[in-house]
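One structure is given below, encoded as C-alpha cells.
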Amino acid sequence: MSFSTTARNHHPCVSEGLNPGRIRRDFPILSRKVHGKPLAYLDNAATSQKPQQVIDAVSRYYSRTNANIQRGVHLLSVQATDAYEATRERVRKFLNATRAEEIVFVRSTTEAVNLVAQTAGRSILGPGDEVIVSRMEHHSNIVPWQMLCQEKGARLRVIPVSGRGELLLDEYEKLLNPRTRIVAVTHVSNVLGTVNPVRKMVEMAHGHGALVLLDGAQAVPHLEVDVQELDCDFYCFSGHKIYGPTGIGILYGKWNHLESMPPYQGGGEMIRSVSFEKTTYNEPPHKFEGGTPNIAGGVALAAALDYLENLGLDRVAAYENELLEYATSRLSQVSGLRLIGTAPSKAAVLSFVLDEVHPHDMGTILDLEGVAIRTGHHCAQPLMDYYGLPATARASLAFYNTREEIDALCRGLEKVMEVFE
Amino acid sequence: MADLSALYQEVILDHNRRPRNFAVLEDADHQSEGFNALCGDRVTVYLKLKGSVVDEISFQGSGCAISMASASIMTESLKGRTVEEVKALFERFHQLVTGNLDSEDHSEPDLGKLVVFEGVSRYPVRVKCATLTWHTLRAALEKRNEVVSTE
Ligand SMILES: Cc1ncc(COP(=O)(O)O)c(C=O)c1O
C-alpha cells in the first residue's frame with residue numbers, strides 16, 4: 001500500500017486514501033507505551049481514542065465559555081447555549097435527520113434505549129403485545145425491553161442468527177405479527193461486526209405497524225448513516241465510540257413520535273410551567289432533557305463529528321475494510337484460531353477463540369506486548385450462549401490502526417501459543 | 001517489564017491442562033456454584049465432610065488457566081484439612097494473591113504448593129480468577145446455595 005505525500009489543502013488526508021501516519025499524530029494517546037512496548041490499541045468497539053481536536057474542544061469550552069444553558073441572560077450563557085444547540089444541528093446533519101429538534105441529547109446509547117422503552121414503549125405496550133430484539137444485541141438493547149415486557153405482561157421475542165453471524169430474515173418475517181409493537185435491533189454487532197440489513201428490516205416491521213429502534217453504537221464510527229433513508233423511528237449512538245467524549249449520547253426520533261411521547265425524567269428544562277396543580281411540558285427535544293446536561297461533552301461531540309467528516313467516512317470505511325481484510329487473512333493463518341463472525345458484510349471487528357487457551361489468558365499476555373484487546377462476553381451473553389462460548393477475544397479496529405499493529409497482535413498470539421504449547 | 005513466566009508458572013499450566021479432582025461428587029454434602037461475570041468463568045465446588053474434616057473435594061467448570069489451576073490446586077491442598085484450617089488457608093491465599101502476605105509470618109497453615117499463585121499479585125485484574133473457586137468453596141461450606149459472583 002502506498003500513500004501519496006501531497007496533502008490537499010489543510011485536510012489531514014490525501015487524495016487517494018487515509019494517511020494513518022499523519023492521522024495518528026492527532027491522537028496523543030497513541031504514542032504512549034504500555035509495559036515498555038508501543039501501544040497497539042485494538043479495543044475501539046469498547047471506546048475509541050480522542051483526537052487533539054476533541055480534547056481541545058473540552059478544554060476550550062471550560063476555559064472560555066462555561067455557563068449553564070437555556071436560561072441565562074448573560075453572554076457566557078448565550079454562547080454556551082449556542083454552542084450546545086449548534087451540536088444538535090451538527091448531529092442532525094450527520095444523521096441526515098429532517099430537523100434539529102429530532103435530536104435528543106442523552107448520556108449514552110444505553111440511556112437512549114431506556115428512554116424510548118420508558119416513554120414510547122411504556123405507552124404503546126399492553127398485555128400480550130410483543131417486542132422483537134435479536135440474538136446479537138448488546139445487553140443494553142435487551143434488558144430495558146425485558147424489564148418493560150415484564151411490567152406490561154408483554155412478550156420478548158428473539159430473531160435468531162446463523163453460524164456465520166447473520167440475522168435470519170426468514171425467521172424474523174415469521175416473528176412479525178399484528179401484536180408486534182416494537183422492533184429493536186443493532187445496526188452493527190459489537191461482537192461479530194455483522195452489518196445488519198436494517199433498511200429492509202425497518203420496512204418489514206413497518207408493514208406490521210411496529211416501531212423500529214436501531215442501535216447504532218457500532219455503526220456510526222464505520223458507515224454513513226442516513227436516518228431518512230433507513231426510515232427508522234429511533235436511532236441511537238454513544239459519543240465515546242465515535243471519537244468523542246464519554247457521557248454524551250444521541251437519540252434520534254421522528255418528530256411525530258417525539259411529539260406524542262410522554263416525557264422521560266422530570267425536572268428543570270423539560271417543563272414549560274410548573275404549579276402544584278398542573279405542570280405543562282416543554283416541546284421536544286427539551287421535553288426529554290431534564291436537568292443540566294453534559295454541555296462540554298456535547299460541544300466536543302461536534303468536534304469529533306467534524307474530525308470524522310473531514311477525514312471522510314467513505315475513506316474511513318475504505319481504509320478500515322482494507323485493514324479488516326488484512327487482519328482476517330493474518331488471523332486465519334494462526335493455527336488453532338477460529339474467527340467468530342464471518343458474515344460477508346462486516347465492520348472492522350474480529351472476535352476469535354483459540355483452541356485450548358481461554359481469551360482472558362490471551363488478553364493478559366497480549367497486554368504485556370502492548371496490544372490492547374477486549375476479552376469476555378462483550379455484554380452479549382445470549383449471543384455467547386448461542387455459540388456455546390463463555391467468552392471470546394475481540395480486536396476492533398479504527399482508522400488510526402495500522403497493519404503493523406495487526407502484526408503485533410499476531411506476534412502476541414504466537415507468544416500465547418508458546419506459553420500454552 | 002512484568003514477567004510472563006511469573007504468572008504462568010509450569011505448575012499452573014500443568015494443572016490447567018490436566019485439572020485434578022475434576023469431577024462431579026455425586027454424594028457431596030456441600031456444593032456451590034461460582035461465576036465470574038467479567039470473563040465468564042464458571043466453577044462448581046463439591047465437598048464431603050467427615051465431622052469437620054474435608055473427606056472428599058472436587059470441582060467442575062470452565063475458565064481461564066488461572067481459575068482452572070487455582071481450583072485444581074485448591075482441591076489437592078484441602079483434602080484432610082479441618083474447616084478451620086481451610087478458612088485460615090483461604091485468608092493466607094487471599095493475602096498472597098493480593099500482595100499483602102507478610103513474608104515474615106511463618107504461622108500455620110503453610111501455603112505449600114499454593115505459592116505458585118504469587119505472581120497473580122502483579123496482575124490485579126486476575127485476582128478474581130484466582131479466588132473465584134475459593135469464594136465458591138466458602139459459600140459451599142456455609143451452605144449458601146445461591147450462585148457466587150466475584151463481581
Ligand atoms: C452495540 C452496542 N450497543 C450499545 C452499547 C452501549 O453503549 P454505552 O455503554 O455507551 O451506553 C454498546 C457498547 O458497548 C454497543 O457495542
Side-chain angles (χ1 to χ4, degrees), chain A residues 32-39 43 46 138-139 143 191 336 340 351 353-394 411-421, chain B residues 1-19 22 33-44 59-72 97 116-133 136 147 149-151:
Chain A
R32 239 204 89 155
K33 291 200 163 164
V34 291
H35 304 295
K37 301 273 172 77
L39 167 67
D43 194 15
H138 188 279
H139 294 165
V143 183
V191 178
I340 308 297
S351 265
V353 291
L354 276 181
D355 289 345
E356 313 291 332
V357 187
H358 192 278
H360 211 181
D361 296 312
M362 281 192 245
T364 293
I365 296 171
L366 290 169
D367 177 48
L368 292 177
E369 297 297 314
V371 180
I373 59 154
R374 178 71 162 254
T375 68
H377 54 57
H378 317 293
C379 297
Q381 282 179 355
L383 184 65
M384 294 288 135
D385 291 344
Y386 167 72
Y387 285 106
L389 297 167
T392 71
R394 180 188 71 187
R411 274 198 307 280
L413 289 172
E414 280 162 27
K415 264 251 158 69
V416 171
M417 316 282 225
E418 276 168 37
V419 173
F420 282 88
E421 58 178 338
Chain B
M1 202 199 106
D3 180 13
L4 258 187
S5 56
L7 181 64
Y8 292 108
Q9 301 220 7
E10 203 36 62
V11 180
I12 290 179
L13 294 171
D14 176 56
H15 276 264
N16 175 50
R17 262 192 302 270
R18 295 183 300 118
F22 190 83
E33 196 191 341
F35 181 52
N36 181 341
L38 180 70
C39 40
D41 293 352
R42 251 176 211 290
V43 65
T44 307
F59 80 103
Q60 277 224 310
S62 67
C64 66
I66 303 299
S67 70
M68 286 298 100
S70 174
S72 174
V97 296
V116 296
F117 291 99
E118 189 182 2
V120 172
S121 65
R122 306 240 290 273
Y123 301 83
V125 293
R126 306 302 299 269
V127 169
K128 287 171 178 174
C129 310
T131 55
L132 172 65
T133 185
T136 310
V147 175
S149 165
T150 56
E151 286 306 288

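Just so it is clear, the model here is predicted, and its values are computed rather than measured. Note on naming: letters A, B, ... go to the chains in the order of the sequence lines (proteins, then strands), and numbering restarts at 1 for each one.
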Quiz item: CG/B/Leu4 to NZ/A/Lys415 distance, rounded to the nearest 0.5 angstrom?
Solution: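 One gets 7.0 Å once the value is rounded to the nearest 0.5 Å.
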Note to self: With rounding to the nearest 0.5 angstrom, report the NZ to NE2 distance, B/Lys128 to A/His360.
What the structure shows: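 B/Lys128 NZ to A/His360 NE2: 9.5 Å, rounded to 0.5 Å.
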Heavy atoms, side chains only, cut-off 4.5 Å: are B/Ile66 and A/His358 in contact?
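Not in contact.
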Is B/Arg42 close to A/Pro390 at the side-chain level, that is, under 4.5 Å between some pair of heavy atoms?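 No; the side chains remain at least 4.5 Å from each other.
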(request) Considering only heavy atoms and a distance below 4.5 Å, find which of B/Leu7, B/Asp41, B/Asn16, B/Leu13 pairs most often with chain A. (result)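 Highest number of heavy-atom pairs under 4.5 Å: B/Leu13.
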Audit row: A/Ile365, B/Tyr8, side-chain contact (heavy atoms from CB on, under 4.5 Å) steps and yes/no: CA-CA 10 Å; A/Ile365 296 171; B/Tyr8 292 108; 3.6 Å; yes
Original post:
Crowded around B/Gln60 CD? As in, over 12 foreign heavy atoms under 6.0 Å?
Top reply: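 Atom CD in B/Gln60 is packed in, count exceeds 12.
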Taking only distance into account, with no hydrogens and no angle test, what donor-acceptor pairs under 3.5 Å do side-chain atoms of residues 370-382 of chain A form with protein atoms, sequence neighbours excluded?
{"residue": "A/His377", "atom": "ND1", "partner": "A/Cys379", "partner atom": "N", "Å": "3.0"}
{"residue": "A/His377", "atom": "NE2", "partner": "A/Gln381", "partner atom": "NE2", "Å": "3.2"}
{"residue": "A/His377", "atom": "NE2", "partner": "B/Ala37", "partner atom": "O", "Å": "2.9"}
{"residue": "A/His378", "atom": "NE2", "partner": "A/Gly376", "partner atom": "O", "Å": "3.2"}
{"residue": "A/His378", "atom": "NE2", "partner": "A/Thr392", "partner atom": "O", "Å": "3.3"}
{"residue": "A/His378", "atom": "NE2", "partner": "A/Thr392", "partner atom": "OG1", "Å": "2.7"}

Which bit of A/Glu418 comes within less than 4.5 Å of chain B, counting heavy atoms only: side chain, backbone, both or neither?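 Contact with chain B: none, neither part.
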key: Considering all heavy atoms, the nearest A/Asp361-B/Arg126 contact   =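 Closest approach of A/Asp361 to B/Arg126, heavy atoms only: OD1-NH2, 2.8 Å.
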Exercise for the section: Provide the closest heavy-atom pair for B/Arg17 versus A/Glu421 in the form atom of the first, atom of the second, distance. Expected result: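 So the minimum-distance heavy-atom pair works out to NH1-O, 3.4 Å.
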Worksheet item: With sequence neighbours left out, what residues match A/Arg411 under salt bridge (charged side-chain N to carboxylate O under 4.0 Å, His left out)?
Response: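 Partners of A/Arg411 by the salt bridge (charged side-chain N to carboxylate O under 4.0 Å, His left out) criterion come out as none, since no residue qualifies.
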